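Take a look at the structure set out below.
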2 protein chains.
Amino acid sequence: MDELKERQKQVLQIIVNTYVKTVNPVGSRVIAKHYHDELSPATIRNEMHGLEERDYIAQPHISAGRVPTDKGYRYYVDHLMPEPKVAPHVAALVAREYRDRIDNLETLIERTSQILSSLSEQAGLVVFPTFEELVLKHVEITSLGGRQLLVVWISDKGWVQSQVIDLEETIPAGELARISRFLNQELAGMVLEQIQPYLAAQLKQAQDSLHTLCRMAQTIVCESFPKMKPRRMAIEGSRYVLDQPEFQDWEKSRRLFKVLETKDKLSNLVCGDSERAGVQVQIGIEHHCEEIWDCSVVAAQYQINQRTVGAVGVLGPRRMQYERVVSLVDYVSRRFSEVLEQWV
Amino acid sequence: MDELKERQKQVLQIIVNTYVKTVNPVGSRVIAKHYHDELSPATIRNEMHGLEERDYIAQPHISAGRVPTDKGYRYYVDHLMPEPKVAPHVAALVAREYRDRIDNLETLIERTSQILSSLSEQAGLVVFPTFEELVLKHVEITSLGGRQLLVVWISDKGWVQSQVIDLEETIPAGELARISRFLNQELAGMVLEQIQPYLAAQLKQAQDSLHTLCRMAQTIVCESFPKMKPRRMAIEGSRYVLDQPEFQDWEKSRRLFKVLETKDKLSNLVCGDSERAGVQVQIGIEHHCEEIWDCSVVAAQYQINQRTVGAVGVLGPRRMQYERVVSLVDYVSRRFSEVLEQWV
DNA sequence: ATTAGCACTCGATGGTCTTGAGCGCTAGAT
DNA sequence: ATCTAGCGCTCAAGACCATCGAGTGCTAAT
């Protein structure tokens, strides 16, 4: 039932391609031209009628051409679109952006978002990694003199988080060294998010000689442990979306920018089903964010050590070149994973 | 000559106030009402004529009311505006935002930008501090095993920058300790930006026993030294500007967002004359950025230890409540300086 | 199954008219 | 010398209307 006849598929494909290019509703005559006058507009109209009945296309108004619906785009992406393959020059451009070593995670992420944005000519999105899932490699404690300590947490993939803390009392250097040794023995190799519960449990059953040591260690860890922040994200190139003709409408652009600034909503959207791997395309209202029902989101998760820690994506008008964008997001998410992994 | 008569000043003030509130060109009748029928519209029209001749106000078209020009706003800000005083509830809101300790510079800056934006209902801008002017407190070098080192640079104000580096060869722990001691002895207390030239000079004249040590130290410093990044900035709340009626025009909003995304241009604009202290108001084309000739920028620099290291500001349509915005920017820049200073 | 032909719909474009806000000017009032 | 009432002028915005053209749906013929 949901199966389309061969020619209907062709017509739908032509409509999507043409509409994406021209922004104008596509009429029967234009489609007929694709058949080099082997078919008349009237025939095409019959096919279109079928497509419209089954909700793949719609008319903005009664005497206009046809425009793909969400369902139409979905069918296009699932069945009609050519296999997304990243263009060589795009790959080259991405590679070049990643070539020179970037020294800082924030910058790396911003850069990635810019790459996505400039190559797709849409808004680029990168959700910061949750480092809670990373494995602790080393914790370094240094006295800054007085009652100040510098504590540096180093995870397996070069993710470094440092924190200066104030203590109630000074700790002798010897004690500090012991604490440091103790912490590294106990905690190295653990997944970050398990550390605090584990240490709390340890402390409970330690009523013996290690007691004071444990308390101090606990204090230091509590004060300096990297906080689980609300999921940050980097958004670049939102201006590209504003350039699209459909956003000449003031109300639409206001709604869009409202969503872009409440990043929590957006990050859920980009992260999507954490189950499914690969690129996910959410067309129009499929993403359930009403304010931007006329936008699509193409996103993919990225990994460190096979663990999914975040996602990258592109947001643009529903009328987008899905093949190009999907291939780009796919490629960038892979390269970004690699860069993160080698990033020690 | 540039002196306005008392009543002209009043009229200008009424025009600015009314226009800022209503967005509509202000006619003589509306102004006359402010005088409770003690003056007729015709009289006001005469005064307006004078103001228009001297370019303080203008007519969008011949049968419309008057609108302040750049010069008009400038006169208002310099002479007519009440002394900017931060409203108590605004101060309270700002204080509350800064109350809980923020553990990370990026977040602190983002937060500050959000404060500026939400309380001014315009776009908030914060230029990241240049930490090159900060003083080195301590440099910490730790072996991560193998040929990897973790180097942490700590400045006087708790500004920490860490970097993992790869070496050509392993360095014995003893050597490393010597290098560490050497670097801290030599460099502690220096302004960051002088460190690299100084070390290079030292290396040149060291042909003695310290030679190898020096070379290694040099390598470590070069690889790990915090790079002078292009000036980053945090922009929050650009959507507020889009909400302003003057930005219903698609072209205008496109131009604005183009500027907002090329942050280098903007950061120059916000930093302004590095000479002058206090809040700076740049009205319309005064900031020499043509794309946003109809926007004003209100900015103030912030300090760490009396050293100017960055700037905060607000960007919005020229038609803005200058008094409110100036007082806000002033207040936030001071509080932000304080927070940064206490931030160890 | 296809197509030519025709009637129909409706947005877009552009012209005309009316309305109302607001101005400038001048002559007379204070 | 200053203010004001009154009048005529200008122009933007809105309402109304006619026209045009792209595109459709339907039907009858191929």
Side-chain angles (χ1 to χ4, degrees), chain A residues 4-12 14-19 21-69 72 245-246 248-250, chain B residues 4-12 14-19 21-69 72 245-246 248-250:
Chain A
L4 292 177
K5 281 180 293 180
E6 188 51 39
R7 197 162 62 195
Q8 284 181 322
K9 290 186 191 175
Q10 288 175 19
V11 170
L12 179 56
I14 294 170
I15 290 178
V16 171
N17 285 334
T18 314
Y19 182 63
K21 257 183 256 156
T22 64
V23 206
N24 294 318
V26 187
S28 52
R29 190 152 9 157
V30 179
I31 299 175
K33 274 206 191 105
H34 280 260
Y35 287 95
H36 304 95
D37 296 320
E38 286 157 18
L39 286 177
S40 81
T43 314
I44 303 296
R45 281 206 284 279
N46 285 330
E47 302 292 12
M48 288 164 96
H49 195 76
L51 284 168
E52 183 163 26
E53 254 182 351
R54 284 191 266 171
D55 240 11
Y56 289 99
I57 56 179
Q59 291 177 282
H61 57 258
I62 196 140
S63 77
R66 302 308 211 290
V67 161
T69 58
E246 38 264 80
Q248 289 191 27
D249 180 357
W250 189 48
Chain B
L4 292 177
K5 282 181 295 180
E6 188 52 39
R7 198 163 60 194
Q8 284 180 321
K9 291 186 191 176
Q10 288 174 19
V11 169
L12 178 56
I14 294 170
I15 290 177
V16 170
N17 286 333
T18 312
Y19 182 64
K21 257 184 256 156
T22 64
V23 207
N24 295 317
V26 186
S28 53
R29 192 154 6 160
V30 178
I31 300 175
K33 277 209 190 104
H34 280 260
Y35 287 96
H36 304 96
D37 296 319
E38 285 156 18
L39 287 177
S40 80
T43 313
I44 302 297
R45 282 205 285 278
N46 285 330
E47 302 292 10
M48 289 163 97
H49 195 77
L51 284 169
E52 183 162 29
E53 255 181 351
R54 284 190 266 172
D55 240 11
Y56 290 100
I57 55 179
Q59 290 178 283
H61 54 85
I62 195 144
S63 75
R66 301 310 209 289
V67 161
T69 59
E246 38 265 80
Q248 289 191 27
D249 181 357
W250 189 48

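Sequence lines set the chain letters: A, B, ... in the order given, protein chains first and strands last, and positions in each chain run from 1. Please read these numbers as outputs of a predicted model, since none were measured by experiment.
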Taking the side chain as every heavy atom from C-beta outward, state whether [X] and [Y] have any pair of such atoms under 4.5 Å apart.
{"X": "B:Val11", "Y": "B:His34", "value": "no"}
{"X": "A:Val67", "Y": "A:Val26", "value": "no"}
{"X": "B:Ile44", "Y": "B:Tyr35", "value": "yes"}

Walk along DNA chain C from 5' to 3' and tell me the first and last nucleotide with an atom closer than 4.0 Å to a non-hydrogen atom of chain A.
->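 Nucleotide range with atoms under 4.0 Å of chain A: C:dT2 to C:dG11.
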For A:Glu38, answer base if it contacts any base atom (sugar-phosphate contacts may also be present), sugar-phosphate if it contacts only those atoms, and nothing otherwise; contact means non-hydrogen atoms under 4.0 Å.
->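 Answer is sugar-phosphate: A:Glu38 comes under 4.0 Å of backbone atoms only.
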A:Ser28 (side chain) donor-acceptor with A:Ala42 (main chain) under 3.5 angstrom |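 No, A:Ser28 side chain to A:Ala42 backbone: no donor-acceptor pair under 3.5 Å.
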Sub-3.5 Å donor-acceptor pair from the side chain of A:Gln59 to the main-chain atoms of A:Ala64, do we have one?
->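 Side chain of A:Gln59 to backbone of A:Ala64: a pair is present.
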So, A:Gln8 versus A:Tyr56: side-chain donor-acceptor pair below 3.5 Å or not?
->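 Looking only at side-chain atoms, A:Tyr56 and A:Gln8 do not form any donor-acceptor pair under 3.5 Å.
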Tabulate atom names and distances for all N/O pairs under 3.5 angstrom spanning the protein and nucleotides 11-14 of chain D.
residue : atom : partner : partner atom : Å
D:dC11  : O2   : B:Ser63 : OG           : 3.3

Let me see the working for A:Leu4 and A:Arg54 under side-chain contact (heavy atoms from CB on, under 4.5 Å), right down to the final yes or no.
-> CA-CA 10 Å; A:Leu4 292 177; A:Arg54 284 191 266 171; 3.9 Å; yes
Rounding to an integer number of Å, can you tell me how far [X] [atom1] sits from [N] [atom2]?
{"X": "B:Arg29", "N": "D:dG6", "atom1": "CZ", "atom2": "P", "value": "14 Å"}
{"X": "A:Asn24", "N": "D:dG23", "atom1": "CG", "atom2": "P", "value": "9 Å"}
{"X": "A:Leu51", "N": "D:dT24", "atom1": "CG", "atom2": "C1'", "value": "15 Å"}

Please name all residues satisfying salt bridge (Lys or Arg N to Asp or Glu O under 4.0 Å) with A:Arg7, sequence neighbours left out, ordered by chain then number.
->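 Counting only residues at least two positions away or on another chain, A:Arg7 forms a salt bridge (Lys or Arg N to Asp or Glu O under 4.0 Å) with A:Glu47.
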Residues which pass side-chain hydrogen bond (donor to acceptor under 3.5 Å, both in side chains) with A:Thr22, listed by chain and number, not counting sequence neighbours =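 Counting only residues at least two positions away or on another chain, A:Thr22 forms no side-chain hydrogen bond (donor to acceptor under 3.5 Å, both in side chains).
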With sequence neighbours left out, what residues match B:Thr18 under side-chain hydrogen bond (donor to acceptor under 3.5 Å, both in side chains)?
->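 B:Thr18 satisfies side-chain hydrogen bond (donor to acceptor under 3.5 Å, both in side chains) with no residue once adjacent residues are dropped.
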N/O-N/O pairs, protein side and nucleotides 25-27 of chain D side, under 3.5 Å:
residue : atom : partner : partner atom : Å
D:dG25  : OP1  : A:Arg66 : NH2          : 3.1
D:dG25  : N7   : A:Arg45 : NE           : 3.2
D:dG25  : O6   : A:Arg45 : NH2          : 3.2

